[in-house]
Amino acid sequence: MDMDKLVSLCKRRGFLFQSSEIYGGLNGFWDYGPLGVELKRNIKEAWWQDMVRGHDELSTPAGAPEAYEMTGLDCTIIMHPQVWKVSGHYDLFCDMMVDCKATKKRYRYDQIKGRWAFRKDQVGTGKPPVFVTTVAEEFDADIERRALKYFNLRSKQADQLDLGELMSLPQGISAQHGYFESETYYDAEGKPALTDYSSDTPLNHVLAPEANEVGTLTEPREFNLMFKTIVGAMGTEEDAAFLRPETAQGIFVNFKNVLDSTRVKVPFGIAQIGKSFRNEITPRNFTFRSREFEQMEIEFFCHPNASRKWYEYWRDRRMKWYTDLGLAGERLIMREHAADELSHYSVGTADIEYAFPFLPEGEYGELEGIAHRGDFDLRSHMEGKLVKNAEGCLEVEMVPVEGKPDKLRPKHRGSGRDLTYRDEVTNEKFVPHVIEPSSGADRATLAFLCEAYYEDEQPDEKGEMQTRVVMRFHPRIAPIKAAVFPLVKKDGLPEIAQEIYRKLKAKFSAFYDEKGAVGRRYRRQDEAGTPYCITVDGQTLTDNTVTIRDRDTLEQWRVKVDEVVEEISKRVM
RNA sequence: GCGGGUGUAGUUCAAUGGUAGAACGAAAGCUUCCCAAGCUUUAGGCGAGGGUUCGAUUCCCUUCACCCGCUCCA
């Protein structure tokens, strides 16, 4: 399938528009048009119906360890900033990055380490030292190797090399040279090797990790992957808050509220649909990587002993949901992450992926991730931001207290609230494990659009084959369920058709059209993906029946006018 | 963020240093008893800003957006 054709159809028929298009558009933001909003809404409602509202908590679903409850939630997009500090997003999303102009590589600032290096026989010649950097695991060996190479020295001449302390890349240097001065390399005679700070900066003497010449690194720049905002009209930097980068945290911080207000018992899940925001570095591929996007997330809380089984249940349950709605076939796969690919807190993660047409052959894009998150999230919000220690166990990340380097404090303090769960029957207290099926509503919508796009050949009224573009949506997610046409615009046919249209429209989205040739009207509905077209013709006047045309097979059959609503209903629900 | 490419009507495309055409689509009407091409009429465009020039949609610069490759992707 040609992605360009789909993109142009989405624009032409009103599925998707570029955001703020009349002002030239905004990178990474997309709007849903009249058809698109119906499609996306149907997808979200199918999810909510199947996962939450329609869920039967009285019996054990196929593949589930036991019966469970599901409930919903709708949280704010802006939450207390501490939420993101404790969850780890703040540290991870506010990285300082440096770019190398020579190699086009980008490095995380905190991953680059280096030493000032000097060649002893050049002391006094006025040649400046070089700050040799690397991102290697073995900083010392790598820095020495690269320094020798830079100074054109052989390994056995290593004693010619004078290396300073291992340190981070100096930052904020061109603005003020104080940092540089304090860290300046002093040569063997105790004199600063660099003195002219006014026309020089340390960056000019930094050898980037993979560069062969100095001075190719940009200054460290802050990369804010979270959208920052200000709370309060007089807001200053202290009032900074963030638009959520995921909906999940709102569920975790409301865990106790839900428990206290609903009588739900573990195992149970809390579902939420809502917008999230990430300042993606490279938004691309239509709506696939957008900066504002909508998530459909479940946090499922269960006993630690059963979490593995629940993970497997949700993994398979979510896969089935997509296939039931028409994302069947080879383009949809489930991929379990290898152990080394897992997040530091996860015991298991599976992605449901779709072979989007804009991806290279054999590559898949993520629609949903089902993650076993253990007790990481609830513990974080109790204790504070967690990191893995040397033994591989999670513990609160500690940093030195300012001014008292030998005292430690939590880097980001948790709520201090007790989020443990007490089993009313066994009286057991535990922190529930969490299974997180996290789905992208926009990505699902895009996948359904791609999957639906289909071209076939159908004969026109002269019997010549014509290309027909048809969006073969599953009837449940189709933006328009049925269209009603009078075959011709006379003999009272429009009046009958309009009556049928009104009855349909009371139940679901329907479309009425009496203009032009009926074949043209059929084709228009094919492009919109309308599964059924109802046509009022001459025979209607004698026996009170109409034809129903199937979008995919083009078959037509007659039903009584009074039975049209029921006939369509049972096919599109 | 870097490199390359592209921006003309709703869509797909033309042409041009002297203010733009087509096809399809859309709208109105006629015609039409079942799958877009029967007729008539109508509306609609040079991504934005600056420069060169008597004059720029065309040449130059900047910017924005899209596509491809790299980078990134908790």
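Please read all numbers here as calculations on a predicted model, not as lab measurements.
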Round to the nearest Å and state the distance from [X] atom [atom1] to [N] atom [atom2].
X	N	atom1	atom2	value
A/Glu363	B/G69	CD	C1'	13 Å
A/Leu359	B/C68	CG	P	10 Å
A/Glu527	B/C35	CD	P	19 Å
A/Glu21	B/G7	CD	P	17 Å
A/Phe358	B/C68	CZ	P	9 Å
A/Gln18	B/C66	CD	C1'	7 Å
A/Leu9	B/G25	CG	P	14 Å
A/Phe485	B/A36	CZ	P	13 Å

task = Tell me, please, whether A/Phe288 has A/Arg284 positioned over its six-membered ring: NZ or CZ under 6.0 Å from the ring centre and within 45 degrees of its axis?
result =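 Relative to the ring axis of A/Phe288, which defines the angle, A/Arg284 lies outside at least one limit.
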ask   = Cationic tip of A/Arg335 within the cone over A/Tyr364's six-membered ring, i.e. under 6.0 Å and within 45° of the normal?
value =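 Not flagged: A/Arg335 not positioned over aromatic ring of A/Tyr364.
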key: side chain to side chain contact (heavy atoms under 4.5 Å, CB included) partner of A/Tyr512, chosen from A/Arg502, A/Lys505, A/Gln498   =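 In the set A/Arg502, A/Lys505, A/Gln498, the residue that makes a side chain to side chain contact (heavy atoms under 4.5 Å, CB included) with A/Tyr512 is A/Gln498.
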Between [M] and [N], how far apart are the [atom1] atoms? Round to whole Å, please.
N	M	atom1	value
B/G1	B/G44	P	38 Å
B/U58	B/U19	C1'	11 Å
B/A26	B/A36	P	13 Å
B/C67	B/U31	C1'	45 Å
B/C35	B/U41	C1'	26 Å
B/U6	B/C13	C1'	14 Å
B/G18	B/U11	C1'	30 Å
B/A9	B/C46	P	8 Å

query = A/Ser380 and A/Asp377: side-chain donor and acceptor closer than 3.5 Å?
reply =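 Side chains of A/Ser380 and A/Asp377: no pair found under 3.5 Å.
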Of the nucleotides [options], which one has an atom closest to the side chain of [X]?
X	options	result
A/Thr535	B/C34, B/C33, B/C72	B/C34
A/Trp30	B/C72, B/C33, B/C66	B/C66
A/Lys489	B/C72, B/C30, B/C33	B/C30
A/Arg284	B/C68, B/G10, B/C34	B/C68

inquiry  = Measuring only between side-chain heavy atoms, which start at C-beta, is A/Thr467 closer than 4.5 Å to A/Glu457?
reply    =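 A side-chain contact under 4.5 Å exists here.
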ask   = Which atom names give the shortest non-hydrogen contact between A/Met3 and A/Leu446, and what distance separates them?
value =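 It is CE-CD1, 4.2 Å.
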ask   = Can you name the nearest heavy-atom pair linking A/Trp47 to A/Ala271, along with the distance?
value =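 Minimum heavy-atom contact is CH2-CB, 3.7 Å.
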Tell me whether the OP1 or OP2 atom of [N] has a side-chain N or O from [X] closer than 4.0 Å.
X	N	value
A/Lys11	B/G10	no
A/Gln539	B/C33	no
A/Lys515	B/A27	no
A/Arg12	B/U11	no
A/Arg524	B/G25	no

Does [X] reach a base, just sugar-phosphate, or nothing at all? Heavy atoms under 4.0 Å.
X	answer
A/Arg520	sugar-phosphate
A/Arg549	base
A/Arg521	nothing
A/Asn27	sugar-phosphate
A/Phe286	sugar-phosphate
A/Asp4	nothing
A/Leu554	base

Neighbour count above 12 (heavy atom, 6.0 Å) for A/Arg413 CZ =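 Open.
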ask   = When you look at CD of A/Glu555, are more than 12 heavy atoms from neighbouring residues, nucleotides or ligands closer to it than 6.0 Å?
value =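 Check fails, neighbour count at 12 or below.
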task = Select from A/Asn285 and A/Gly25 the residue whose nearest nucleotide in RNA chain B is closer to the 5' end of that strand.
result =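 First, find each residue's nearest nucleotide; the 5'-ward one identifies A/Gly25.
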ask   = Taking for each residue the nucleotide of RNA chain B bearing the nearest heavy atom, is the 5' side occupied by A/Phe29 or by A/Gly538?
value =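 Looking at the nearest nucleotide for each, A/Gly538 comes out on the 5' side.
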ask   = Of A/His412, A/His381, A/His89, which is the lone residue that meets ring-ring contact (aromatic ring centres under 6.0 Å, His included) with A/Trp84?
value =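 Only one of A/His412, A/His381, A/His89 forms a ring-ring contact (aromatic ring centres under 6.0 Å, His included) with A/Trp84, namely A/His89.
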If you go through the side-chain atoms of [X], does one of them form a donor-acceptor pair with the base of [N] closer than 3.5 Å?
X	N	answer
A/Tyr23	B/C64	no
A/Gln556	B/C34	yes
A/Ser8	B/G10	no

request  = Could you provide the dot-bracket string of RNA chain B, using ( ) for intrastrand pairs, [ ] for crossing pairs and | for bases paired to another strand, with Watson-Crick or G-U pairs below 3.5 Å?
outcome  = (((((((..((((....[..)))).(((((.......)))))....(((((..]....))))))))))))....
